[in-house]
J.: 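Quick one: structure below, then a few questions.
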Amino acid sequence: MEAVTGQHFFFHDQPEHAAEKDSCHFCQLRAFPIHQTTPVTIVNAKDQAVIPPNFRFIDRMVLGQGVEPAEDSFRSGCSCESDGECQYMGCLCLADLGEEEGSSSDEDEDIHANGANGDGPEAGRKDKVKQKRKAYAYHTHGAKAGLLRSKMLNSKEPLYECHAGCSCSKDCPNRVVERGRTIPLQIFRTDDRGWGVRTQVAIKKGQFVDRYLGEIITSAEADRRRAASAVSKRKDVYLFALDKFTHPESLDPRLKGPPLEVDGEFLSGPTRFINHSCEPNLRIFARVGDHADKHIHDLALFAIRDVARGEELTFDYVDGVTEDGGPMEVRREFLFGGISTPLASLNTTQRNFTSLRPLLLASIHHLQSEQRARQPHILAKSLVCSQGYMFKASVCFTVAEHTEYRAYGRMRSRHVYIHPHVAVSLQEYKFLQHIGASSYTMSTPPSSDRISSSPPSPVALTLRRRERDERRRREEQYSHGRPLPSQKLCGNEECVLRCCNVFKTSRFYLPDYLLGDRERSVDDLLVKDIQTHFAYLAATRIWPSIEKQSDVLLKAQSIEAFATSPPVRAAYLDFRYLCQKNDLNYSIESRLRETLSVTMPRFRSLIETLDTSRLDGDYTELVVHRTLQPPHQVDKAVQTDRPLPWTQEGCVMRFLLTIELWRCHDERHMRQRGWAWKPWIVAELLSAVLLHYWLLDREKCFERVPCRGSEQCDEVWQDWLDKYPLLLGDSSHDDAEDEPDQGDGKKSPDLVPKPIGLIKGLDLDKDVGYVGGVGTAARGPLWRDMRQKQGDDGLPQH
Ligand SMILES: C[S@@+](CC[C@H](N)C(=O)[O-])C[C@H]1O[C@@H](n2cnc3c(N)ncnc32)[C@H](O)[C@@H]1O
């Protein structure tokens with residue numbers, strides 16, 4: 001996540017960041033009233049680029065020096081008696097339409113449906129209306145109501161609309177542009193053209209998208225800016241001349257020319273990021289409200305064909321007009337160097353790849369978001385083998401690095417099927433990166449995976465395989481840091497209290513709901529980036545003395561693994577539920593912070609108590625039970641316990657203790673006592689985790705997924721373990737040359753402690769630890785082997 005985005009997410013609601021908030025693009029967008037219904041979001045999944053800091057979002061035109069709107073005495077509007085009349089010739093706003101433009105065409109037969117058949121004055125008035133010629137630019141009825149008529153889509157005529165000075169209401173059908181954008185947009189980082197804009201919903205042909213906004217400046221000022229701009233050719237693309245009504249012989253001195261220009265480079269709306277295309281889906285129209293303001297007319301973008309959800313929006317910057325009358329193609333080449341490659345010039349593999357990739361992407365997203373049942377899903381209908389025959393075997397995607405990802409699919413007839421579980425557990429990001437890295441080929445899978453020609457019985461085979469897979473997965477999971485089902489938070493293996501069970505499988509304790517991450521927050525920030533950024537912030541703020549970047553990253557990685565682990569998610573879901581059930585208002589951040597500051601000292605002394613009572617299992621159990629169970633009041637008179645409602649402090653305490661017990665789970669077996677962090681560090685980190693979850697929740701980063709069975713529960717664990725697979729190998733250190741070679745040419749795993757001699761200034765053994773149990777099992781043979789190789793005998797006792 002880029003620094004500015006992280007700042008926005010984590011800090012801009014705090015009063016001390018008000019000045020910074022003002023220049024934050026997310027906050028600027030959020031401040032517009034339209035954002036509630038029709039948001040504009042910004043995403044960058046490509047690189048670290050951010051919207052230029054000297055750019056500011058606006059939601060209306062800004063008039064530059066020397067640019068004046070018309071004086072009130074020149075203003076006028078229509079005086080139509082009803083909104084319906086504003087469609088017809090006779091409405092003052094349409095008075096400037098020529099004969100040709102005003103005429104209705106056969107596509108607009110619907111207009112006469114308005115006519116009345118009855119008697120009386122109303123019918124008479126409607127008859128009068130009926131005789132009028134429909135002139136405005138939009139469809140009136142049915143599914144196309146409000147869309148530009150086809151005739152207009154190809155026309156270069158301006159759009160004349162009613163406005164605030166008219167007697168008609170705000171619902172007048174001829175106020176489409178005035179009513180504003182109705183389409184949520186996303187500004188995104190393209191592969192090769194900087195930022196672009198895509199639509200978040202399908203757009204119909206003729207639908208209004210948005211206005212091009214900016215500073216309206218005089219022509220002299222525009223020339224000055226062009227000259228001042230070091231890259232004046234680029235400057236041109238942000239400047240739009242308002243020349244629709246400019247004419248050297250105009251009686252209006254403001255329209256004689258040269259025209260005013262709109263500069264969208266530094267102040268504008270989302271449309272400023274729309275790229276050029278020679279085959280665009282939008283067109284720009286001049287739109288006039290009050291006729292006295294023709295010199296500062298609007299630039300309104302409309303769809304000229306149906307646009308699918310997620311499609312990039314483009315318009316033709318030159319729109320068929322050349323200044324020098326030269327051929328258009330030449331000019332386009334000159335502007336953009338011919339960016340599109342015709343499909344025909346690709347070879348077959350490339351063509352297949354080109355069509356497969358988006359389908360694959362969409363399919364995996366779909367499977368992940370829907371958590372679909374385990375039936376086969378059609379992955380790509382159009383994947384036809386280029387050699388001309390069908391594969392019966394599994395489909396493999398082979399990428400340049402010779403990494404093979406089996407899609408575990410079957411190709412039947414022309415369909416590739418993919419097993420959703422496997423699709424989900426493939427690390428989508430890496431997968432796509434790899435696929436995107438080069439081409440793919442299809443090949444048969446390794447022979448061991450081929451189905452035997454004479455299996456004993458398909459049912460027996462399936463059952464056996466399932467059992468084997470299940471066993472293998474469990475074993476693997478336990479060995480990678482998932483707790484054993486017999487482990488209870490209170491330490492008593494016999495304990496049956498639900499609250500003492502770490503989030504496990506159906507046999508022991510299964511939560512009704514799981515807390516899943518959505519892909520993106522309300523602002524369209526990637527939730528996985530937010531998680532990573534939080535871990536980095538926690539590492540740098542709680543351990544400011546760590547200097548080496550690789551140590552910070554190591555620390556951040558282990559914090560991220562802990563903070564996103566299933567038990568922490570379960571604990572937060574439980575916290576939320578308890579607060580709601582007890583009518584505790586947890587929606588106010590300051591209230592939560594206050595509660596945390598009251599609870600933290602209590603929590604610290606609780607950890608200290610647990611630490612000293614470590615050898616007294618009964619006492620530990622008592623303390624844990626007292627904190628995790630609902631509060632009670634002992635009524636001595638009748639010798640009973642009366643349940644009390646939870647307090648916010650009680651809920652916070654329960655959350656903190658649950659995740660703390662998980663953080664140091666199995667410590668007795670796996671760690672030395674010296675591994676424990678100081679209580680204040682634990683309290684700081686765990687409180688930060690609670691605030692972090694609260695913020696993610698507020699920003700709609702979570703979804704509550706009903707848990708249908710142990711399989712789903714297992715998948716959640718598996719996903720997490722896949723994501724932090726002992727944190728091996730993936731060396732994100734920037735000083736990788738420090739990594740010791742383990743003899744087999746592999747780099748040392750990240751979370752396996754480094755040989756003491758290599759660690760400068762930070763005792764990773766004691767400090768980083770295996771937060772939340774990640775990789776605890778690796779402290780067995782793997783850890784031991786490595787330390788023994790180094791001749792170090794300071795091993796933790798197992
Ligand atoms: C109005 S801006 C569009 C937003 C721009 N992509 C950005 O990142 O700010 C116009 C600039 O975008 C780039 N651009 C727009 N359309 C393009 C295209 N089809 N091919 C290459 N570059 C394009 C050019 O650099 C152009 O100067």
Side-chain angles (χ1 to χ4, degrees), residues 2 4-5 23 25-26 28-29 40-58 61-62 181 183 185-199 209-217 222 225-242 261-285 298-305 307 310-323 328-343 345 524:
E2 315 82 39
V4 287
T5 316
S23 56
H25 293 124
F26 294 101
Q28 287 166 11
L29 288 168
V40 172
T41 54
I42 308 166
V43 298
N44 182 357
K46 297 280 168 217
D47 50 35
Q48 291 294 304
V50 293
I51 302 282
N54 58 358
F55 173 81
R56 190 180 179 87
F57 282 102
I58 50 173
M61 289 282 198
V62 171
R181 179 166 53 80
I183 293 161
L185 299 175
Q186 185 175 74
I187 300 168
F188 72 105
R189 196 75 184 158
T190 64
D191 287 335
D192 49 2
R193 289 157 300 135
W195 298 95
V197 178
R198 63 185 160 215
T199 169
V209 174
D210 203 356
R211 290 184 298 156
Y212 185 91
L213 297 178
E215 293 170 86
I216 305 186
I217 52 176
R225 291 189 187 190
R226 271 189 204 96
S229 169
V231 275
S232 58
K233 267 183 199 156
R234 280 182 64 88
K235 178 77 192 161
D236 272 336
V237 294
Y238 298 101
L239 285 166
F240 278 86
L242 298 178
E261 296 191 37
V262 179
D263 186 357
E265 185 165 4
F266 305 110
L267 291 173
S268 191
T271 50
R272 173 264 196 217
F273 296 94
I274 297 183
N275 285 314
H276 162 90
S277 170
C278 309
E279 288 167 12
N281 43 29
L282 307 182
R283 249 197 76 195
I284 208 157
F285 289 80
D298 281 322
L299 299 167
L301 286 152
F302 283 79
I304 51 172
R305 62 169 171 79
V307 186
E311 205 178 314
E312 179 172 355
L313 299 178
T314 53
F315 67 97
D316 189 340
Y317 289 179
V318 261
D319 200 12
V321 182
T322 58
E323 279 162 13
M328 183 60 75
E329 290 311 317
V330 174
R331 192 183 158 104
R332 281 178 179 147
E333 282 285 307
F334 167 71
L335 267 178
F336 304 109
I339 46 144
S340 62
T341 316
L343 201 62
S345 71
D524 256 335

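Ligands are counted one by one from 1 in listed order, and the atoms in each one are counted from 1 as well.
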J.: So, F315 versus H276, ring centres under 6.0 angstrom or not?
T.: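 No, the ring centres sit 6.0 Å or more apart.
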J.: Considering the heavy atoms of N275, write down every atom of ligand 1 situated less than 4.0 Å from one of them.
T.: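 Selected atoms, number and element: 3 (C), 4 (C), 5 (C), 6 (N), 12 (O), 13 (C), 14 (N), 15 (C), 16 (N).
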J.: Using side-chain contact (heavy atoms from CB on, under 4.5 Å) as the criterion, point out the one residue from L185, N275, D210, I183 that pairs with L313.
T.: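 Among the candidates, only L185 passes.
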J.: Can you name the atoms of ligand 1, numbered from 1 with element, that are less than 4.0 Å from a heavy atom of R272?
T.: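 So the answer, numbered in order with elements, is 1 (C), 2 (S), 3 (C), 4 (C), 9 (O).
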J.: I need the atoms of ligand 1 closer than 4.0 Å to a non-hydrogen atom of F273, numbered in the order shown.
T.: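 Ligand 1 atoms under the 4.0 Å threshold to F273: 3 (C), 4 (C), 9 (O).
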J.: Of all the atoms in ligand 1, which lie at a distance below 4.0 Å from a heavy atom belonging to Y238?
T.: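 Listed by number with element, the hits are 1 (C), 2 (S), 9 (O).
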J.: Would you call R226-E261 a salt bridge at under 4.0 Å N-O?
T.: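 Counted as a salt bridge, because a side-chain N and a carboxylate O are separated by less than 4.0 Å.
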J.: Within the 4.0 Å heavy-atom shell around G194, which atoms of ligand 1 are there?
T.: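 Those qualifying, in numeric order: 8 (O).
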J.: What part of I274, side chain from CB on, backbone N/CA/C/O, both or neither, has a heavy atom under 4.0 Å from ligand 1?
T.: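 The answer is the backbone of I274.
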J.: Can you see whether F188 has R198 sitting over its ring - NZ or CZ less than 6.0 Å from the centre and within 45° of the normal?
T.: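 The answer is yes, since R198 meets both limits relative to F188.
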J.: Would a line drawn from the ring center of F266 to the ring center of F55 be shorter than 6.0 Å?
T.: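 So the answer is no for these two rings.
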J.: For ligand 1 and W195, I'd like to know whether there is a polar contact (N/O to N/O, distance under 3.5 Å).
T.: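 Yes; at least one N/O pair falls below 3.5 Å.
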